[in-house]
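Accompanying notes for the structure given below.
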Amino acid sequence: MTATPARSARERAEFLTDGCDHVESLRELAERLERGRPLRVYLGLDPTSPDLHLGHAVVLRLLQRFVDDGHNVILLIGDFTARIGDPSGRNALRPALSDEQIGANMKTYAAQAGKVLDMSRVTLRYNSEWLSKLTFTDIYKLLSQTTVAQMLERNDFKQRYESGTPIALHEFVYPVAVAYDSVAMNVDVELGGSDQLFNLLISRPYQIHAGQDPEICITVPLLEGIDGEKKMSKSLGNHIGLTDPPNDMFGKTMRIPDALLPRYARLAAWWPSDQVQALERGLRDGSASPMDEKKRIAEDLVALYHGGDAARAARDFFERTIQRGEIPAEMPELSLDGRTKLADLIVAAGFAESKRAATRLIGEGAVRVDGTVVSDPNARWTAEGPAVLQVGSRKFVRITQ
RNA sequence: GGGUCGGUGGUCGAGUGGUUAAUGGCACCGGACUGUAAAUUCGGCUCGCGAAAGCGAUACGCAGGUUCAAAUCCUGCCCGGCCCA
């Protein structure tokens with residue numbers, strides 16, 4: 001079952017957890033591997049948004065490492081826990097998702113996870129399968145195993161309690177529900193982002209109580225969003241989606257702060273650690289150009305999701321359009337459709353939310369037609385044939401008659 | 001259940017009857033500079049109509065009320081923090 005049977009269990013454990021944030025514990029993982037049977041490994045994802053992003057990819061990639069090592073890997077879709085809402089890292093009550101939203105989000109998850117994971121070797125499960133069957137009696141027995149003090153130990157709860165931000169009782173149920181997932185599936189290993197450490201660790205006493213071996217908890221670093229400050233999250237708008245088109249992926253990567261280059265090289269472009277270290281050295285002593293390195297990282301990570309050709313094309317697009325200010329060869333088209341006001345066309349193209357906003361953009365000098373700035377807010381479309389409407393440096397549309 | 005304080009634009013937070021579509025910070029969008037980085041700097045940041053000056057609509061938890069005039073006062077309701085039980 002192992003790709004490299006010569007290695008000791010300890011070496012395999014170290015290989016599997018290389019680059020991880022926290023392992024509870026490496027010794028236990030080695031012992032569990034020593035038993036010689038494939039481990040039951042799982043990652044839980046709550047379908048809270050329709051799209052996965054590079055932050056999810058970090059932990060999905062770790063999951064794939066376990067697939068490659070021959071283990072029984074489960075991708076758990078938290079269709080039930082999404083209804084409760086994960087309080088992790090929150091400083092406010094999370095609004096409840098409707099069943100419709102959850103259902104819609106779930107549809108895209110498995111397909112998008114497939115961009116990183118070999119889904120043919122992964123078991124897909126849903127936690128409503130067991131959580132929705134629990135009775136009130138079952139639930140209060142589970143709840144009685146954890147104290148309020150333990151819950152309040154958590155940083156996010158502690159901060160919210162001290163700052164007077166509401167904490168609803170059901171939020172305490174979330175970690176317990178996630179712990180019960182581990183019991184229901186009797187798993188050996190659970191993965192998660194580093195913000196999930198508490199949720200993972202709390203599973204262990206529950207499993208022991210149920211007569212199972214406690215799971216080994218492994219967390220991966222959280223990838224920062226392109227703003228370089230907060231963790232990547234769609235709701236913060238600082239994410240790079242796994243399904244983003246190549247040009248968007250490339251362009252967004254070019255916008256990350258320089259300080260994030262090694263992080264993105266390691267966690268987003270998956271460079272091996274010796275290359276990341278070389279990059280860090282180069283940046284420190286000035287022998288590496290941050291912009292060139294950023295392009296290499298961007299190209300490598302685009303290649304992971306769209307292939308090498310698309311990545312090279314994205315780089316070429318960036319260098320021409322953004323760096324040299326050329327008008328791109330290909331762009332969406334929009335028919336005039338009887339519209340004559342420039343502002344109307346900008347709205348129709350989706351480059352502004354309202355006509356007033358479009359008029360402002362024109363006044364700001366952000367709008368060009370065939371490369372020439374048009375600053376008259378009342379400008380009308382006069383071009384005879386097709387012409388290129390550009391807003392800002394990266395929004396283009398070809399207007400046809 | 002009682003007491004008390006509070007609910008303002010994406011967010012934080014001023015504003016306590018009248019040039020108030022509402023100071024300011026952050027976020028965001030654009031311009032200049034640049035490497036779509038950082039730093040700096042300038043402008044913008046509710047919607048509709050109009051070539052323009054402008055006009056109109058909507059907005060400070062919800063619903064009413066007082067007033068020439070309310071985010072600001074009154075009543076009721078909803079939601080939250082803290083204290084007491």
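What you are looking at is a predicted structure, and each value in this text was computed from that prediction instead of being measured. Naming convention: chains lettered A, B, ... in sequence-line order (proteins, then strands); numbering from 1 in each chain.
- Listed nucleotides: B:U36, B:G80, B:A37. Nearest to the side chain of A:Pro166: B:G80.
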### Task
Indicate for each nucleotide in nucleotides 24-34 of chain B, in 5' to 3' sequence, whether protein heavy atoms under 4.0 Å reach the base (B), only the sugar-phosphate (S), or nothing (-).
-----SSS---
#### Entry: Residues A:Met119, A:Leu75; criterion side-chain contact (heavy atoms from CB on, under 4.5 Å); working and verdict
CA-CA 9 Å; A:Met119 292 303 287; A:Leu75 182 64; 4.1 Å; yes
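- As a whole-Å value, the separation of A:Ile240 CD1 from B:U36 C1' is 13 Å.
- Side-chain N or O atoms of A:Gln196 include none that pairs as donor or acceptor with a backbone N or O of A:Leu191 at under 3.5 Å.
- Rounding to whole angstrom units, CG of residue A:Asp376 and P of B:A51 are separated by 11 Å.
- Rounded to a whole Å, the CD1 atom of A:Ile297 is 12 Å from the C1' atom of B:A37.
- Here A:Pro290 lies in heavy-atom contact (under 4.0 Å) with a base.
- Contact check, A:Asn378 against B:A52: a side-chain N or O comes under 4.0 Å of OP1 or OP2.
- As the counterpart of B:U11, B:G25 is assigned, both hydrogen-bonding distances of the Watson-Crick or G-U wobble pattern falling under 3.5 Å.
- Toward the 5′ end of RNA chain B lies the nearest nucleotide of A:Leu261, the other residue of the pair A:Leu261 and A:Lys341 mapping further downstream.
- Between the side chain of A:Asp370 and the backbone N or O of A:Leu389 there is no donor-acceptor pair closer than 3.5 Å.
- With a 3.5 Å ceiling on both atom-pair distances, B:U36 lacks any Watson-Crick or G-U wobble partner.
- The interatomic distance linking A:Arg324 (CZ) with B:U36 (P) rounds to 11 Å, in whole Å.
- For the P atoms, the distance from B:G44 to B:C49 is 22 Å, rounded to whole Å.
- In the interface, the side chain of A:Arg360 is not paired with the base of B:G43 through any donor and acceptor atom under 3.5 Å apart.
- Taking 3.5 Å as the limit, the base of B:G35 and the side chain of A:Asp292 contain no donor-acceptor pair of atoms between them.
- With both ends at atom P, the span from B:A21 to B:C26 equals 25 Å, rounded to whole Å.
- Annotation: B:U23 and B:G13 have their C1' atoms spaced 10 Å apart (nearest Å).
- Considering only heavy atoms from C-beta on, A:Asp300 stays 4.5 Å or farther from A:Trp270 through its side chain.
- Evaluated for a side-chain contact (heavy atoms from CB on, under 4.5 Å) with A:Cys217, the options A:His22, A:Glu28, A:Glu24 yield exactly one hit, A:Glu24.
- In summary, the side chains of A:Asp285 and A:Ser287 do present a donor paired with an acceptor at a separation below 3.5 Å, with no hydrogens or angles considered.
- Remark: B:U20 base-pairs with no nucleotide in the shown strands. Criterion, Watson-Crick or G-U wobble with two distances under 3.5 Å.
- Using modelled atom types and a 3.5 Å distance limit, the side chains of A:Gln112 and A:Asp51 yield a donor-acceptor pair.
- Of the P atoms belonging to B:C60 and B:C73, the separation is 15 Å, rounded to the nearest Å.
- With a cut-off of 3.5 Å on both Watson-Crick or G-U wobble distances, the partner of B:G56 is given as B:C47.
- Atom CZ of A:Phe250 and atom P of B:U36 are 11 Å apart (whole Å).
- Using a 4.0 Å cut-off, no side-chain N or O of A:Lys355 falls inside it from OP1 or OP2 of B:C47.
- Using cut-offs of 30° and 60° on the angle between ring planes, the pair A:Phe157 and A:Phe172 is perpendicular.
- Atom CE in A:Met254 sits about 11 Å away from atom P in B:G35, given to the nearest Å.
- Comparing the C1' positions of B:G56 and B:C77 gives an interatomic distance of 32 Å, to the nearest angstrom.
- With rounding to whole Å, A:Arg380 atom CZ is found 6 Å from B:A51 atom P.
- Residues A:Arg296 and A:Glu299 are not paired through a salt bridge, judged by the lack of any N-O separation under 4.0 Å between the basic side chain and the carboxylate.
- Taking the C1' atoms as reference points, B:G17 lies 23 Å from B:C5, given to the whole Å.
- Using atom C1' as the reference point in both B:U46 and B:U58, the two lie 8 Å apart (nearest Å).
- Per the geometry, CD belonging to A:Glu326 stands 13 Å off P belonging to B:U36, to the nearest Å.
- In this structure, B:G76 and B:C62 make a Watson-Crick or G-U wobble pair, each of the two defining distances being under 3.5 angstrom.
- Separating the C1' atom of B:A57 from that of B:U72 is a span of 22 Å, rounded to the nearest Å.
- The environment of A:Arg320 atom CZ is sparse: at most 12 non-hydrogen atoms of other residues, nucleotides or ligands sit within 6.0 angstrom.
- For B:G1, the paired nucleotide is B:C84, the pair qualifying as Watson-Crick or G-U wobble because both relevant distances are below 3.5 Å.
- Residue A:Gln323 places no side-chain N or O under 4.0 Å from the OP1 or OP2 atom of B:G35.
- Sequence order on RNA chain B of the closest nucleotides to A:Tyr161 and A:Met291 puts A:Met291 first from the 5' end.
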